[in-house]
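Right, one structure below, let's go through it.
Just the heavy atoms: all of them, side chains too, but no hydrogens, waters or symmetry mates, feed the values below. Throughout, a chain's letter reflects where its sequence line sits, starting with A, and its residues are numbered from 1.
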2 protein chains.
Amino acid sequence: MTWRDPSGRTLADYPHPSIAVDVALLTVTQDGRLAVLLHERDEHYEAGRWALPGTFVRMDETLRDAALRALREKVGETGQEPRQLRVFDALDRDDRGRVMSVAHVDLVPPGRLEGTTGTLLPIDPETRQPILPDRQGGLGFDHDQIVEAAVEWARDAYQERPDPRHLIGEEFTLLELQRVHEAVLGRPWQKDTFRRHMVQYLDETGDLSRGTVGKPARLFRRRPQQI
Amino acid sequence: MTWRDPSGRTLADYPHPSIAVDVALLTVTQDGRLAVLLHERDEHYEAGRWALPGTFVRMDETLRDAALRALREKVGETGQEPRQLRVFDALDRDDRGRVMSVAHVDLVPPGRLEGTTGTLLPIDPETRQPILPDRQGGLGFDHDQIVEAAVEWARDAYQERPDPRHLIGEEFTLLELQRVHEAVLGRPWQKDTFRRHMVQYLDETGDLSRGTVGKPARLFRRRPQQI
DNA sequence: ACAATAGTGTCTATCAGACAATATCCT
DNA sequence: AGGATATTGTCTGATAGACACTATTGT
């Protein structure tokens, strides 16, 4: 059944690079900061270093499934919708052998990270790097580049549209929405500018917020995407 | 020397997917159209179909080098600077076995494609697909998606900056520049809008064009990128 | 009444897009 | 002179950013 070339060999008979996935799982914490989920490696390699969850891609799974499995196995969490960033393929990036890694990013609400065995570390908005609790020289592998690309991806996604990854619920006030966007973008936003930019993508629910001080705010929901 | 896990196995001992590269090599033809370099497969698989040049990545080469080798071996041309688009990883995308492909794009001046054994086919600006000379059902594999992504990448690159991939020479008139941009973007551009948009990235050489009918145009060159 | 937050009016600067007038060459 | 192309002036509409005023609640 297996395909064979004229010399009778299958594809797997030729030596070929191994392929891994690494996932930068981002979220926004209670205190309004972007954070990334890391774990301290207890593997047989690079043990003790901070790293992104990652794993080798198996023969019969897609990249997406491998990314979700990496999150489950390494930090006890299911991601949501991992997206490819790019392939890291430097010949010497892994001393164990020839390994390419497909970097992924996912951005999930903080509620999904309750039972995690990983560590959520805040990201410096300027450097786009996690702030490590100890000063032991950064992330393993090329994971600093992956985190940077992940932050860029998230910022891009939150530049235009209201909370596309549903970090907050279905109904929210403009102030709540603004807080999330400011956390992801790592910079403040003028409230009137923000409002006028976002309302075009929002529908009013007709209800008002309750129990807050000051004038109650209208509640909005995301307007269903018109194609 | 080789790393081994606790069970004494190397990375390569575990079955893992094969990895390939495919390259959409784009250029702009004399008649001002975007075109992609294809070849008719004479391989042992999918023979006779139009396809992008591609090859399997070897153990000791980077994606970039594999992409350049694919161009050399399949269409007799050296590319310039292939860039990753994304990984195509559907489980059934290749009947020969589990093969992921890292799609690449490159955009080179037409002069580099003189001795090619491939076929340059124009791209429909609307569909972003090559116009095949025969009506035999499209490209093999998922190469239609790759071409589409490649065109998107090229358009993005030519949205803002003057001819970043140096499809024309170092000195040019604004009309020459505009022709190239219109070819890549697949739509006309108003000359005064185009001019005012581009001059900020250009320096005048001080010379004028010669031998043309009408008022001679000033020559420009790209302003060295200020960081 | 007062504090606090929500929502809006309006001014400015910038920019893309479009039209058309003027400038300068070649034959 | 007349055709052809280059270059620039100017108008319009859209938009981001900023400031400040008005509106509506709880205490």
Exercise for review: Output, in order, the C-alpha distance, side-chain angles, deciding distance and verdict of salt bridge (Lys or Arg N to Asp or Glu O under 4.0 Å) for Arg223(B) and Asp203(B).
Suggested key: CA-CA 5 Å; Arg223(B) 185 188 304 263; Asp203(B) 287 323; 3.3 Å; yes

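Taking 4.0 angstrom as the limit, Gln190(A) places none of its side-chain polar atoms (N or O) nearer than this to OP1 or OP2 of dG17(D).
Rounded to an integer number of Å, the gap from Met198(B) CE to dT7(D) C1' is 17 Å. Glu176(B) places its CD atom 13 Å from the C1' atom of dT5(D), with the value rounded to the nearest Å. The CZ-C1' distance, from Arg218(A) to dT24(D), rounds to 11 Å in whole Å. If you take CZ of Arg195(B) and P of dT5(D), they are 15 Å apart, rounded to a whole angstrom. When the C1' atom of dC15(C) is taken as reference, atom CH2 of Trp189(B) falls 13 Å away, rounded to whole Å. Here dT7(D) presents its P atom at 9 Å from CG of Leu219(B), a figure rounded to the nearest Å. His197(B) places its NE2 atom 14 Å from the C1' atom of dT14(C), with the value rounded to the nearest Å. One interatomic measurement links the two molecules: CZ of Arg179(A) to P of dT5(C), which rounds to 9 Å at whole-angstrom precision.
Residues Tyr201(B) and Glu160(B) are in side-chain contact: their nearest non-hydrogen atoms beyond the backbone lie under 4.5 Å apart.
Residues satisfying the ring-ring contact (aromatic ring centres under 6.0 Å, His included) test with His197(B), not counting sequence neighbours, are none. In this structure, the salt bridge (Lys or Arg N to Asp or Glu O under 4.0 Å) partners of Asp142(A), at least two apart in sequence or on a different chain, are Arg93(A). Among residues two or more places apart in sequence or in another chain, the side chain to side chain donor-acceptor pair (under 3.5 Å) test is passed with Arg83(B) by Glu81(B). Every residue two or more places apart in sequence or in another chain was checked for a salt bridge (Lys or Arg N to Asp or Glu O under 4.0 Å) with Asp144(B), and none qualifies.
Listed by first and then second residue, the side chain to side chain donor-acceptor pair (under 3.5 Å) pairs that reach into residues 122-131 of chain B are Arg128(B)-Glu152(B), sequence neighbours excluded. Listed by first then second residue, pairs satisfying side chain to side chain donor-acceptor pair (under 3.5 Å) with a partner in residues 209-218 of chain A read Glu204(A)-Arg218(A), not counting sequence neighbours. Within the structure, ring-ring contact (aromatic ring centres under 6.0 Å, His included) pairs that include any residue of residues 173-192 of chain A comprise Tyr158(A)-His181(A), His181(A)-Phe194(A), Trp189(A)-Phe194(A) (at least two apart or interchain).
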Review item, nucleotides 9-11 of chain C N/O atoms under 3.5 Å of protein N/O:
| from | atom 1 | to | atom 2 | distance (Å) |
| --- | --- | --- | --- | --- |
| dG9(C) | O6 | Arg196(A) | NH2 | 2.8 |
| dT10(C) | O4 | Arg196(A) | NH2 | 3.4 |

Under 3.5 Å between N/O atoms: give me all the protein pairs with nucleotides 25-27 of chain C, atom names plus distance.
none

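Comparing dA16(D), dA6(D), dG7(C) by their nearest atom to the side chain of Thr193(A) picks out dA16(D).
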